[in-house]
K.L.:
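Take this structure, written in structure tokens, and hold onto it; I'll ask about it next.
Here is how names work: the chains are called A, B, and so on, in the same order as the sequence lines, proteins then strands, and each is numbered from 1. Since this is a predicted model, take the numbers as computed values, not measurements.
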Amino acid sequence: MAITEARPVARPEPFGRRLLSWLTTTDHKRIGILYIINSLAFFVIAGIFALLMRTELARPGQQLLSPRAYDQVFTEHGTLMIFLFIFPMLAAFGNYLVPLQIGALDMAFPRINALSFWLLPVGGLTVLSGFLVKGGAGASGWTAFAPLSVQGGAGMDLWILGIVIVGVSSILGAINFIVTILRMRAPGMTMFRMPIFCWGVLTTSLLVALAAPVLTAAMVMLFADRHLGTVFFDASRGGSPLLYQNTFWFFGHPEVYILILTAWAIVSEILPVFSGKPLFGYRGVVLAFLMIATLSFTVWAHHMFVTGAVELPFFSATTEMISIPTGVLFFNWLATLWKGKLRFEPPMMFALGFIGLFLVGGIDGVWQAAPAMDFALHDTYWVVAHIHYVLFGGTVFGIMAGLFFWFPKITGRYLSRKLGIWQFWVQFVGFNLTFFPMHILGLRGMPRRVADYAANRGWTGLNTLETVGAYIIAISMVLFFVNVFVSLRKPREAPDDAWGTSNSLEWATSSPPPPHNFDRLPEVHSLRPVRDLRLAAQGLAGEEGSS
Amino acid sequence: MSATDLQVDERAVRRTSSPVMGMVLFVAGEAMFFAAFFAGYFQFRSQAKVWPPASVGTPEISIPAVLTAILVTSSIVLQLGLRAVARGRVATFERLLLLTILLGVCFLALQAYDYSQLTFGIKGGIYPSLFYVMTGLHMAHVVGGVVLLSVVGAQTLTGQISQRHHEPVEAAAIYWHFVDIVWLGLFTVYYVAVPR
């Protein structure tokens with residue numbers, strides 16, 4: 001693979017040696033690339049599961065998957081997308097970029113960093129190996145609600161084990177990010193001169209470090225109920241299924257922000273570069289991140305409105321309050337674009353797509369936060385629409401923006417602009433065709449997580465449309481992988497500052513950076529050190545004060 | 001917050017070494033892990049008419065009281081050891097570390113004996129579920145602590161621990177104290193704060 005040639009060597013090393021150096025690496029950049037490859041592999045697998053589901057649902061009746069197989073497929077689709085694609089993909093950006101952006105040599109704990117990575121494929125394959133055992137893979141949804149998850153065969157145990165492994169990986173990774181950001185910043189890089197992306201990673205990591213252990217606790221109780229004879233979730237013997245829901249969602253709602261915060265930060269990093277303006281209200285964005293992170297620990301029971309066992313006004317109010325800092329983010333993004341010199345490169349296109357689609361998902365969320373609405377929408381396709389507008393329209397568009405943006409830094413080569421723009425439009429159209437009709441199906445009462453529906457319910461047309469949309473998304477992803485493959489075969493041409501208007505320190509070093517990151521660190525006097533260098537080179541230094 | 005304040009803050013943060021900061025964060029996560037079980041405990045207890053249930057009865061406090069004394073003593077001993085190594089008295093530290101590890105092992109042995117004396121099994125309902133899983137997880141953490149302290153001991157014997165480089169001791173001590181505090185919580189909810 002061409003990207004393994006991270007630095008110029010006189011004579012290429014033999015393949016075995018090079019492979020070994022990748023398998024044993026503790027370099028944050030190489031680990032970041034491994035994270036990307038691993039995440040994209042699981043993305044493809046989980047994407048194929050999505051296509052299987054959409055193919056089954058295209059028409060009423062059973063064509064491709066039995067109900068039992070369908071349950072396994074939607075469970076693994078959600079599990080892999082959330083725990084093994086989105087979260088590790090965002091951690092991939094964090095791994096590659098945080099040390100570069102703060103001017104550090106590496107992460108605080110390089111060997112723990114390698115461990116965090118290698119636990120991921122192990123955990124992911126453990127979850128997937130459920131397909132090989134009798135009874136099949138875990139089939140209780142990615143939320144694994146008890147008592148359903150207390151039943152089920154060995155596949156469910158493998159699911160639990162895999163989730164615990166991935167949880168440990170993410171906790172170790174989060175601690176590593178926090179210590180790196182707090183302790184390893186270059187001289188002059190104060191907390192408020194740190195790129196907004198690092199703030200996103202820091203906030204996400206705090207959420208992971210405090211929320212993921214609660215998921216582990218839920219998994220321990222679940223495992224004990226399954227094998228040790230405890231009755232945590234068994235209502236008939238003094239336990240309570242609600243304990244599972246409370247514990248799971250106490251993790252689960254911070255998890256939602258774990259899955260989006262870094263994408264917000266990526267977009268907040270890209271918009272200024274392609275608008276030729278600083279990020280509007282940098283400190284406001286930081287404050288919004290922190291407020292959202294704090295509030296996210298107070299909203300979990302809005303997933304449980306219909307249980308009748310939660311304080312509706314409290315959880316509704318805290319949930320609605322999250323829309324305030326989120327509104328700040330939207331305002332600041334739009335104000336960053338306002339009167340800017342906009343350049344519609346692929347990263348910018350995906351970032352703009354992100355803003356529009358995430359807005360839809362966010363407003364869906366505001367609706368659902370009202371208990372009266374939630375009672376009608378709970379467990380319908382509306383919820384599926386919401387989660388995909390947030391996690392696909394939001395995070396995946398953000399991830400694509402980030403991949404197009406930093407690809408030249410990581411590989412020294414640009415992804416094709418033409419293919420990128422094509423991919424954006426195909427993906428945008430396919431996405432909306434697939435997921436917008438789900439709102440309508442939800443309002444018409446179509447339940448989620450079922451393999452079939454009656455032909456006379458009037459759901460068929462929209463379902464067929466969604467399936468067509470899903471295949472259009474698949475085409476856009478093929479365009480992406482073709483783009484990566486073609487671009488990697490081109491010669492290295494990207495300069496240090498690949499986009500010409502960049503701000504943060506990763507653009508001060510070569511593309512790709514040397515193993516030690518920087519030969520000489522520029523002094524950091526402001527929020528935008530690379531811009532300072534550019535202006536100094538143009539003889540315009542001094543007009544910009546420190547932040 | 002003024003710019004000067006911020007700089008002072010950052011220097012304070014940077015004085016903490018990476019292993020110690022990493023351990024503080026890890027322990028914070030561990031605290032959330034145990035908090036989930038304690039939350040479950042209080043939830044079930046608040047709904048129960050009789051707690052502990054009649055089938056279990058009031059638990060015998062004498063052995064757990066000794067367990068508490070052992071663990072608290074071990075924390076004090078380890079802290080004295082940390083102070084010794086910070087002042088350069090490595091030999092004293094070695095003896096105190098060994099004593100801490102021995103106290104940890106005593107705790108494990110005595111708790112295993114205590115388990116064998118109990119009249120109820122894990123399958124007896126929600127109280128036994130909570131009791132065995134919470135104390136069992138704590139016990140696993142004591143095992144982890146003994147292993148961690150033994151690793152530090154091995155580092156000491158190979159000359160990697162000194163007055164200038166004793167962050168591993170500090171980090172291990174934070175973990176050990178945390179395990180101690182969790183036990184105090186368990187001791188309180190299962191033995192002290194119950195009707196007698």
K.L.:
With a 3.5 Å distance limit and no angle check, can you tell me whether A/R237 reaches the backbone of B/K123 through a side-chain donor-acceptor pair?
P.N.:
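Here the side-chain-to-backbone pair exists.
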K.L.:
Sub-3.5 Å donor-acceptor pair from the side chain of B/S129 to the main-chain atoms of A/V231, do we have one?
P.N.:
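A pair under 3.5 Å: yes.
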K.L.:
Which atoms of B/F44 come close to chain A, meaning under 4.5 Å heavy atom to heavy atom: side chain ones, backbone ones, both, or neither?
P.N.:
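The answer is the side chain of B/F44.
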K.L.:
Examine whether an atom of A/S240 lies under 4.5 Å from a heavy atom of chain B, and if so say whether it belongs to the side chain, the backbone or both; otherwise answer neither.
P.N.:
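For A/S240, heavy atoms of backbone and side chain both lie under 4.5 Å from chain B.
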K.L.:
Where on A/F251 is there a heavy atom nearer than 4.5 Å to chain B: the side chain, the backbone, both, or neither?
P.N.:
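When you check distances to chain B, no heavy atom of A/F251 falls under 4.5 Å.
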K.L.:
Between atom CG of A/L243 and atom CZ of B/F37, what is the distance when rounded to the nearest 0.5 Å?
P.N.:
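Going from CG on A/L243 over to CZ on B/F37, the span is 9.0 Å.
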K.L.:
What part of A/T247 is in contact with chain B, defined as an atom under 4.5 angstrom from a non-hydrogen atom: side chain, backbone, both or neither?
P.N.:
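Just its side chain gets close to chain B.
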K.L.:
Using the side-chain contact (heavy atoms from CB on, under 4.5 Å) rule, pick out the option among A/I175, A/N176, A/L182 that qualifies with B/L25.
P.N.:
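With B/L25 as partner, side-chain contact (heavy atoms from CB on, under 4.5 Å) holds for just one option, A/I175.
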K.L.:
Between B/Y132 and A/T230, is there a side-chain heavy-atom distance shorter than 4.5 Å?
P.N.:
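Counting from C-beta outward, A/T230 and B/Y132 never come under 4.5 Å.
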K.L.:
Nearest 0.5 Å, please: how far is CG in A/L215 from CE in B/M32?
P.N.:
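Between B/M32 CE and A/L215 CG, I get 12.0 Å after rounding to 0.5 Å.
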K.L.:
By a 4.5 Å heavy-atom criterion (distance strictly below it), what part of A/V220 contacts chain B: side chain, backbone, both, or neither?
P.N.:
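Side chain only.
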K.L.:
Could you look at B/L130 and say if it's the side chain, the backbone, both or neither that has a heavy atom under 4.5 Å from chain A?
P.N.:
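For B/L130, heavy atoms of backbone and side chain both lie under 4.5 Å from chain A.
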